[in-house]
Structure formats: C-alpha cells, structure tokens
**Student:** 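Below is a structure I'd like to ask you about.
Nothing here was measured: the structure is a model prediction, and the numbers come from that model. Throughout, protein chains are lettered first and strands after them, A, B, ... in sequence-line order, and every chain is numbered starting at 1.
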Amino acid sequence: MAESNDTPSLDFIREIVARDQASGKHGGRVATRFPPEPNGYLHIGHAKAICLNFAIAAENEGGTCNLRFDDTNPAKEEVEYVDSIQEDVRWLGFDWEDRLYFASDYFERLYEFAEELTRKGHAYVCSLSAEETREYRGTLTEPGRNSPYRDRSVEENLDLFRRMRAGEFEDGAHVLRAKIDMASPNVTMRDPTIYRIRKATHHRTGDAWCIYPMYDFTHSLSDSIEGITQSLCTLEFEARRPLYNWVLEHLDVPSHPQQIEFARLNLSYTVLSKRKLLTLVNEGRVSGWDDPRMPTLSGMRRRGLTPEAIRTFCDRIGVAKRDSVVSVAQLEHAVREDLNLRSPRVMGVLNPLKVVIENYPEDQVEWLDAVNNPEDESAGTRKVPFSRELYIEQEDFREDPPKKFFRLTVGREVRLRYAYLVTCTSVIKDDQGNVIEIRCSYDPETKGGTAPDGRKVKSTMHWVSASHAVDAEIRLYDRLFNRENPNQVDVEGHDFHDNLNPDSLEILTGCKLEPSLAESRPGQRVQFERRGYFCEDIKDSKAGSLVFNRTVPLRDTWARIEKAGKQHG
RNA sequence: UGGGGUGUAGUCCAAUGGUAGGACAUGCGGCUCUGGACCGUAGAAUCGGGGUUCGAAUCCCUGCACCCCAGCCA
C-alpha cells in the first residue's frame with residue numbers, strides 16, 4: 001500500500017518486523033490483525049491502527065492482515081457496529097480477503113484452553129463478589145491478599161467451571177481466575193479474571209453461552225490461533241503484556257505472537273474515545289455517528305474527506321511511543337492536497353448579492369468556457385451561462401473597502417471569472433441601509449476576462465447567472481470543540497461537553513450554484529472556487545433540493561490579512 | 001509513597017556516539033483569470049544538573065515533568 005517517501009527511515013515497529021524477518025523469528029512470516037470491538041463506530045484513531053497493520057502486512061512478502069472482531073462482551077456489542085466497521089475498513093481501502101474472524105468463533109476453543117489452564121492448576125473458580133474481589137486485590141501501593149477460594153482442588157474447579165458454563169449460577173456468583181501472584185507490583189497480574197458469567201444474548205452466538213472470556217485471555221489466544229506474528233496495540237495495554245505472555249506460556253498454544261505497543265492518535269479540537277463519541281450521539285449533540293463534524297470515518301466520509309487523504313495523513317504522522325496530539329491542520333493539509341488535484345472546479349455563491357450589469361442586453365445569454373481543473377488538463381472545460389443579472393458573494397463587495405481589499409467597491413473594476421471585466425457604478429440599499437443590490441457596467445471588449453489594452457485588475461471573482469442558478473443548502477462545519485484539548489476544563493465540575501463549539505454547524509440556504517451542478521449526485525466532491533471543497537450530502541441531498549457539505553475551506557489569505565489588521569488596529 | 005512507559009522547534013516524526021533534518025503551522029518574497037494551487041526563503045527544538053568521550057539527542061548517574069494500570073470493559 002501507500003509507501004511513504006516522506007519518511008525513508010523505519011518506525012520502531014517496522015524495525016522490529018524487519019529484524020524478526022532477518023532472524024527468521026516467525027519463520028519468515030508477517031501476520032498482523034486489526035481487532036476492533038464492535039461497540040462503536042471507527043474513528044480516525046482507528047484509521048491509524050488500520051493503516052499500520054495493513055501496511056506492514058503489505059510491505060512484507062506474503063504478509064497478511066486479518067480483520068478480527070473482539071466480541072467478548074455481549075452487553076455492549078451490536079451487529080450495527082460490525083457492519084459499519086467492515087464498511088469503513090473497506091472504504092479506507094483495505095482488504096482482509098477471506099480473513100474475517102470473530103473472537104466469538106473461538107469460544108469453544110477458548111473454553112477448552114480455560115479447562116486446560118484449570119487442569120494444570122493455573123486457574124481457579126473464585127466465588128468472591130465483585131466488591132470483595134476489589135478489596136482483596138489491594139491497591140497500587142499495597143499487595144493484594146489471596147482469595148479464600150484460591151486453593152480449591154482441580155476437580156472442584158473443573159466441576160464448578162463446567163457448571164458455570166451449564167448455566168447453573170447467576171451472573172456474578174463465580175468467576176474463573178488465573179492463579180498468578182496477588183502480591184505482584186503489577187496489579188493486572190493479581191489473579192486476573194479470565195471468565196465471567198453473563199446471561200446475555202450475544203449478537204452472534206445468541207444464547208449458546210452464558211460465560212464469556214475476558215480480554216487478556218481472549219486476545220492473546222486469538223492472536224495465537226491466527227498465527228499473528230506482531231500484535232500491535234496501543235500504549236494502555238503495555239502493563240498487560242506480562243499477562244498476554246503469561247497466558248501463552250502456560251498453555252499449549254500454536255504460536256507466541258509479540259505484542260508491541262504504540263501511542264494512540266490524538267487530534268486537536270476533537271475527542272477520539274468511543275465512549276465520549278457515543279455520548280455525543282446519544283445526547284443528540286450531533287446528528288449521529290456519521291455527523292460530518294464527527295471524527296468517525298463515516299462522518300469524515302460524509303463530510304467529503306477521501307480515503308487517500310486519510311491514508312496519507314496516517315503515513316505522515318508516523319508511529320512512536322510518546323503521547324502526542326496531532327494538529328488537525330495536518331489532516332486538513334492532506335485533504336486539501338488530495339482534493340486540489342482531483343476536484344472539479346465549479347462556481348457557487350454561498351451568500352448571494354444581486355448584481356445587474358446595466359449595459360448588458362436584457363435577454364442575452366452567453367455560454368462561456370470555464371476550466372474544470374487547472375491542476376488536471378484532462379478534466380477539460382465546461383460552459384457557464386452569463387447574463388445581465390448575476391449573483392456574487394456578499395463579502396466580495398465593500399462600500400468602504402479596508403486597505404488591501406482588492407475586491408469590488410464603487411468605481412472599481414474587477415474580473416468576473418471566465419467572463420468580463422466589470423466596474424461597479426452604484427449600490428441599492430434597503431430602508432436599513434443594507435446593500436441589497438449593486439449595479440455595474442461591463443466592458444464588451446474583455447470577453448473571456450482579458451482586456452485588449454492589457455490593463456490589469458487586482459481581483460477575480462466567482463459569480464452565478466441569476467436566472468440559471470440552481471438553489472442549494474450548504475452546510476459549513478467548524479471544529480466540534482473550541483479547545484485544542486476538549487478534555488481540559490477550567491471550571492470545577494465541567495467536562496468535555498462544556499467545550500463543545502456552539503458554532504460548529506452553520507446552515508446556509510438559498511445558495512446559488514452554476515447550472516452544471518444540477519447533474520451532481522450525492523457523494524460528488526467539488527471545489528467551489530475561492531470557497532473550499534464541498535461534497536454533496538449522501539443522506540439529505542436530492543435532485544431539486546441539493547445539500548452540500550463543506551469538507552474544508554480553501555486557505556484564505558485575505559481572511560488572514562483582515563484578521564491581522566483588526567488585531568493591530 | 002508500587003509497577004510500566006515517555007520527554008527533540010508551536011505541532012507530529014527523524015537522526016541508532018560524528019554537520020540536529022523533514023512535514024504541518026507561522027513570517028516574508030515570487031507567480032497567478034481562484035487572495036487557491038505552485039515556487040523560493042526565513043525564524044524556530046534536544047526537560048534540568050552532573051559524568052564518560054576528541055566528540056553525547058544518543059552511553060552512565062541524578063533530579064524533574066507528563067501518560068497508563070487497582071472492570072466480573074476492551
């Protein structure tokens with residue numbers, strides 16, 4: 001897959017893989033996996049893990065990457081999520097071929113492993129309540145105490161465990177625990193629970209089971225069963241690596257993968273936690289998991305980001321072990337870079353201001369040539385209609401132009417893109433003094449946009465012929481949170497909700513688009529010249545009532561100048 | 001005060017004892033029928049203190065800061 005020429009050096013994980021390949025540690029194989037829990041939608045943080053795992057497999061001869069659902073908690077998992085996850089991974093551009101796995105497919109084998117562990121005296125059934133278990137576990141600084149059930153005989157453990165499986169006990173009555181060390185300074189090694197009773201219907205196995213294996217037990221064995229060579233996960237699992245290895249060392253397993261941890265992605269001005277994203281969805285702060293403001297892959301897809309841009313972004317941010325927060329500007333850059341090369345240009349006026357070209361014949365219409373993509377000659381040209389009444393952008397006219405404002409003002413000549421040089425002659429205002437229409441004259445000698453006498457204008461503006469315009473709704477998105485780190489709060493009792501940006505969505509109606517957009521279809525990406533990249537909404541847009549989402553605005557030098565001017569007086 | 005990790009420009013990532021480099025962001029300039037794109041250019045960093053070495057971001061000692069772990073979640 002996408003090799004990064006930007007970073008010729010290997011990240012620490014690829015270095016390990018290369019070393020293992022050189023030493024033949026895993027018999028020359030490279031097998032990775034992406035192991036999501038189907039309890040939420042995938043987000044950009046998952047994209048980092050997906051790109052990493054699939055890319056490492058692809059970079060190595062014969063390498064494979066599995067998609068495995070870690071579905072061991074029926075209470076939180078749903079088929080809606082397993083479907084969306086597959087759709088998102090595919091959309092991102094990766095193919096797990098026939099290697100779609102579910103931890104739940106291993107339940108029988110996992111159960112047998114658990115019996116094996118019990119038979120070997122490495123696991124026991126503990127009948128402490130959850131609260132008692134916590135008390136016995138000790139604290140970070142004090143060792144735990146052995147459970148009074150720790151020394152049950154193998155026979156009793158086996159009998160109890162089988163009866164747990166048979167459904168003889170209620171939730172919480174017993175658990176199966178690994179017998180390790182209650183005094184370990186690493187609390188995860190203090191006889192961790194590996195099976196619990198949960199009389200719940202599982203989205204795949206239904207009611208076949210009432211006991212479910214815990215993460216550490218399931219994950220290590222699933223990796224082993226699948227012959228994974230490097231098991232990549234995020235930093236918070238680092239302290240569990242001894243347990244991962246312990247499980248594999250105490251059982252007769254097919255292989256012993258190496259767990260390697262890397263830093264999860266954090267992105268500025270958003271949250272990447274399924275739990276937090278779920279609350280935004282459930283509380284109606286956003287329209288759903290695929291709200292274009294969400295950092296989910298489905299949200300980004302709907303907003304118009306491309307999988308290529310996301311992959312490029314993931315390549316560029318690299319992989320390391322230190323906690324970091326990547327600037328969202330980095331993502332936006334990758335998106336603009338990709339969209340710049342591929343998006344057809346089109347003219348659309350977001351906030352229309354009526355213009356009448358007074359010396360242009362009443363009923364005349366000229367169809368002018370417009371370039372579809374200056375970055376791609378093969379994209380060709382199209383015709384746009386020009387007529388006496390037009391719309392331009394409100395912000396492109398100023399009655400009292402500030403310094404460095406090059407656009408239209410009374411008495412100034414500018415170019416209407418692909419059309420003519422026009423000069424503003426007067427303005428019409430309403431009772432409140434707002435400019436509601438401007439009057440211009442055009443120079444018929446400048447058709448196409450160039451003056452025969454060679455005179456220059458400082459500005460070129462986009463426009464749309466009023467009588468030909470197609471109406472549309474345009475949704476402008478801004479950052480979801482107004483703090484770089486939404487989890488940072490100054491006020492006692494506040495949380496990330498209090499950092500939500502109330503202006504993250506602005507809906508514009510009555511926008512005027514050039515008539516070629518009537519042919520647009522949901523999902524179509526375009527650049528509205530001088531405004532940004534937009535994507536026709538895949539849910540709400542219909543022929544006749546178009547809806548476009550702004551993916552990302554164009555870099556706006558003027559906005560920057562103006563802002564700087566205001567700051568410095 | 002237990003254990004495990006991590007400290008390099010504003011941000012992300014390199015440099016594996018030998019000129020601290022790239023990308024994003026920012027400033028300036030050029031070009032332009034998008035104030036876009038593109039081109040050029042500038043400023044900007046090794047957590048602190050010791051030590052080893054001809055030479056330290058890298059090795060050693062010490063201190064500091066930050067992150068993770070006490071679910072019958074993953």
**Student:** Should the pair Tyr111(A) and Trp209(A) be assigned to parallel (<30°), tilted (30 to 60°) or perpendicular (>60°) ring geometry?
**Tutor:**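 Tilted: the ring planes of Tyr111(A) and Trp209(A) meet at 30° to 60°.
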**Student:** So which one's nearest nucleotide on RNA chain B is more toward 5', Glu142(A) or Tyr418(A)?
**Tutor:**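 This one resolves to Glu142(A).
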**Student:** Taking the same atom, P, in rG3(B) and in rA42(B), what whole-Å distance lies between them?
**Tutor:**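 Straight-line distance between the two P atoms is 49 Å.
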**Student:** Report the nucleotide, chosen from rU34(B), rG5(B), rC24(B), that has the shortest atom-to-atom distance to any side-chain atom of Lys321(A).
**Tutor:**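 Closest of the options to the side chain of Lys321(A): rG5(B).
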**Student:** Identify all stems in which RNA chain B takes part, counting only runs of at least 3 consecutive pairs (Watson-Crick or G-U wobble, each distance under 3.5 Å), and give each as one range with another, ordered by first number.
**Tutor:**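 Runs of three or more consecutive pairs: B:2-7 with B:64-69, B:10-13 with B:21-24, B:26-30 with B:38-42, B:47-51 with B:59-63.
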**Student:** If you measure from the P atom in rG7(B) to the same atom in rG27(B), how many Å do you get, rounded?
**Tutor:**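 Straight-line distance between the two P atoms is 31 Å.
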**Student:** For the side chain of Asn73(A), counting heavy atoms from C-beta on, which of rG71(B), rA74(B), rG35(B) is nearest?
**Tutor:**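 So the side chain of Asn73(A) is nearest to rA74(B).
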**Student:** Return the nearest nucleotide to the side chain of Asp70(A); candidates are rC69(B), rC72(B), rA74(B).
**Tutor:**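 My answer, after comparing the listed nucleotides, is rA74(B).
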**Student:** So if I take every side-chain heavy atom of Arg407(A) and compare against rC68(B), rA14(B), rG35(B), which nucleotide ends up nearest?
**Tutor:**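 Among rC68(B), rA14(B), rG35(B), the one nearest the side chain of Arg407(A) is rG35(B).
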**Student:** Arg240(A) side chain N/O closer than 4.0 Å to the phosphate oxygens (OP1, OP2) of rA74(B)?
**Tutor:**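 Looking at the OP1 and OP2 atoms of rA74(B), neither is under 4.0 Å from any side-chain N or O of Arg240(A).
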**Student:** Could you please spell out the steps behind the side-chain hydrogen bond (donor to acceptor under 3.5 Å, both in side chains) verdict for Arg415(A) and Thr460(A)?
**Tutor:** CA-CA 5 Å; Arg415(A) 173 168 35 236; Thr460(A) 299; 3.1 Å; yes
**Student:** Give me the distance, rounded to whole Å, that separates rG22(B) from rU34(B) when you measure between the P atoms they each carry.
**Tutor:**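 Approximately 31 Å lies between the P atom of rG22(B) and that of rU34(B).
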**Student:** Are Lys274(A) and Tyr41(A) in a cation-pi setup, meaning NZ or CZ lies under 6.0 angstrom from the ring centre and within 45 degrees of the ring axis?
**Tutor:**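 Checked: cation-pi criterion not met.
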**Student:** Taking syn as within 90° of 0 and anti otherwise, name the glycosidic form of rG71(B).
**Tutor:**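 Syn for rG71(B); the angle stays within 90° of 0.
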**Student:** Regarding Asn146(A) and Tyr136(A), is there a side-chain donor-to-acceptor distance under 3.5 Å anywhere?
**Tutor:**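 Their side chains do not contain a donor-acceptor pair, so the 3.5 Å distance test is not met.
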**Student:** Give the intermediate values and the outcome of side-chain hydrogen bond (donor to acceptor under 3.5 Å, both in side chains) for residues Ser231(A) and Arg33(A).
**Tutor:** CA-CA 7 Å; Ser231(A) 176; Arg33(A) 98 272 93 112; 3.1 Å; yes
**Student:** Side chain to side chain contact (heavy atoms under 4.5 Å, CB included) between Ile16(A) and Arg19(A): does it pass, once the steps are laid out?
**Tutor:** CA-CA 5 Å; Ile16(A) 293 171; Arg19(A) 213 182 305 137; 4.2 Å; yes
**Student:** Given Glu393(A), which partner from the list Arg531(A), Arg530(A), Arg417(A) fulfils the salt bridge (charged side-chain N to carboxylate O under 4.0 Å, His left out) test?
**Tutor:**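 Only one of Arg531(A), Arg530(A), Arg417(A) forms a salt bridge (charged side-chain N to carboxylate O under 4.0 Å, His left out) with Glu393(A), namely Arg531(A).
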**Student:** So what does Phe405(A) touch, heavy atoms closer than 4.0 Å: a base, only the sugar-phosphate, or nothing?
**Tutor:**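 Answer is base: heavy atoms of Phe405(A) come under 4.0 Å of a base.
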**Student:** In whole Å, what separates the P atom of rG10(B) from that of rA74(B)?
**Tutor:**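 So the two P atoms sit 41 Å from each other.
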**Student:** Which whole number of Å gives the distance between the C1' atom of rA45(B) and that of rC28(B)?
**Tutor:**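 It comes out at 22 Å once rounded to the nearest Å.
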**Student:** Between Asp216(A) and Ala329(A), just flag the one whose closest nucleotide in RNA chain B comes earlier from the 5' side.
**Tutor:**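 The residue whose closest nucleotide sits nearer the 5' end is Ala329(A).
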**Student:** Both conditions, 6.0 Å and 45 degrees, for the charged tip of Arg204(A) above the ring of Phe102(A): are they met here?
**Tutor:**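 Flagged: Arg204(A) positioned over aromatic ring of Phe102(A).
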**Student:** Should Tyr215(A) be counted as stacked on rA74(B), where stacking needs a ring-centre gap under 5.5 Å and an angle between planes under 30 degrees?
**Tutor:**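 Check failed, Tyr215(A) does not stack on base of rA74(B).
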**Student:** Base, sugar-phosphate, or nothing: which does Ser129(A) touch, judged by heavy atoms less than 4.0 Å apart?
**Tutor:**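 Answer is base: heavy atoms of Ser129(A) come under 4.0 Å of a base.
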**Student:** Looking at the side chain of Thr460(A), which of rG2(B), rC73(B), rG35(B) is the nearest nucleotide?
**Tutor:**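 Within the option list, the nearest is rG35(B).
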**Student:** Given rU11(B), rG36(B), rA74(B), identify the nucleotide with an atom nearest to the side chain of Arg345(A).
**Tutor:**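 The closest nucleotide is rG36(B).
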**Student:** Expressed as a whole number of angstroms, how long is the span from Arg316(A):CZ to rC13(B):P?
**Tutor:**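 Result: 15 Å.
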**Student:** Among the candidates rG71(B), rA23(B), rG36(B), find the nucleotide nearest to the side-chain atoms of Thr557(A).
**Tutor:**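 Taking heavy atoms from C-beta onward, the closest nucleotide is rG36(B).
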**Student:** Assign Glu238(A) to base, sugar-phosphate, or nothing according to its heavy-atom contacts below 4.0 angstrom with the strands shown.
**Tutor:**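 Result for Glu238(A) = sugar-phosphate.
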**Student:** rG35(B), rU11(B), rU34(B): which one has an atom nearest the side-chain heavy atoms of Arg417(A)?
**Tutor:**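 Between rG35(B), rU11(B), rU34(B), the one nearest the side chain of Arg417(A) would be rU34(B).
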**Student:** For rC67(B) and Arg264(A) - does any side-chain N or O of the residue sit under 4.0 Å from the phosphate oxygens OP1/OP2?
**Tutor:**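 Negative; the distance criterion is not met.
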**Student:** Could you walk me through whether Phe262(A) and Lys321(A) pass side chain to side chain contact (heavy atoms under 4.5 Å, CB included), step by step?
**Tutor:** CA-CA 5 Å; Phe262(A) 62 93; Lys321(A) 293 195 70 159; 5.5 Å; no
**Student:** Regarding rG71(B), can its base be found pairing with the side chain of Glu131(A) as donor and acceptor, where the two atoms are less than 3.5 Å apart?
**Tutor:**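 For Glu131(A), whose side chain was compared with the base of rG71(B), there is no donor-acceptor pair (under 3.5 Å).
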**Student:** Taking the side chain of Thr193(A) as its heavy atoms from C-beta onward, which of rU34(B), rC72(B), rC13(B) lies nearest to it?
**Tutor:**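 Of rU34(B), rC72(B), rC13(B), rC72(B) is nearest to the side chain of Thr193(A).
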**Student:** Is Arg525(A) positioned over the aromatic face of Tyr533(A), cation under 6.0 angstrom from the ring centre and no more than 45 degrees off axis?
**Tutor:**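 Ring-cation test returns no.
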**Student:** Is it possible for you to check whether Arg152(A) lies under 6.0 Å from the centre of the six-membered ring of Tyr124(A), through NZ or CZ, and within 45° of that ring's axis?
**Tutor:**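 No; the conditions do not both hold, so Arg152(A) does not lie above the ring face of Tyr124(A).
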**Student:** rG35(B) and rC47(B): how far apart are their C1' atoms, nearest whole angstrom?
**Tutor:**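 Each nucleotide's C1' atom is 42 Å from the other's.
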**Student:** Kindly give the atom pairs (protein nitrogen or oxygen, nucleotide nitrogen or oxygen) under 3.5 Å for nucleotides 26-30 of chain B.
**Tutor:**
{"from": "rU26(B)", "atom 1": "OP1", "to": "Arg560(A)", "atom 2": "NH1", "distance (Å)": "3.0"}

**Student:** Using the ring of each side chain (for Trp, its six-membered ring), is Phe386(A) parallel, tilted or perpendicular to Trp463(A), with breaks at 30° and 60°?
**Tutor:**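 Ring orientation, 0 to 90° scale: perpendicular.
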**Student:** For the C1' atoms, the ones on rA23(B) and on rA44(B), what distance do you get once it is rounded to whole angstrom?
**Tutor:**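 Those two atoms are separated by 14 Å.
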**Student:** Compare the minimum distances between each of rG71(B), rG3(B), rC12(B) and the side chain of Asn186(A), then state the nucleotide with the smallest one.
**Tutor:**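 Comparing rG71(B), rG3(B), rC12(B) against the side chain of Asn186(A), the answer is rG3(B).
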**Student:** On a whole-Å scale, what distance lies between the P atoms belonging to rA15(B) and rG36(B)?
**Tutor:**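 The answer is 36 Å between these two P atoms.
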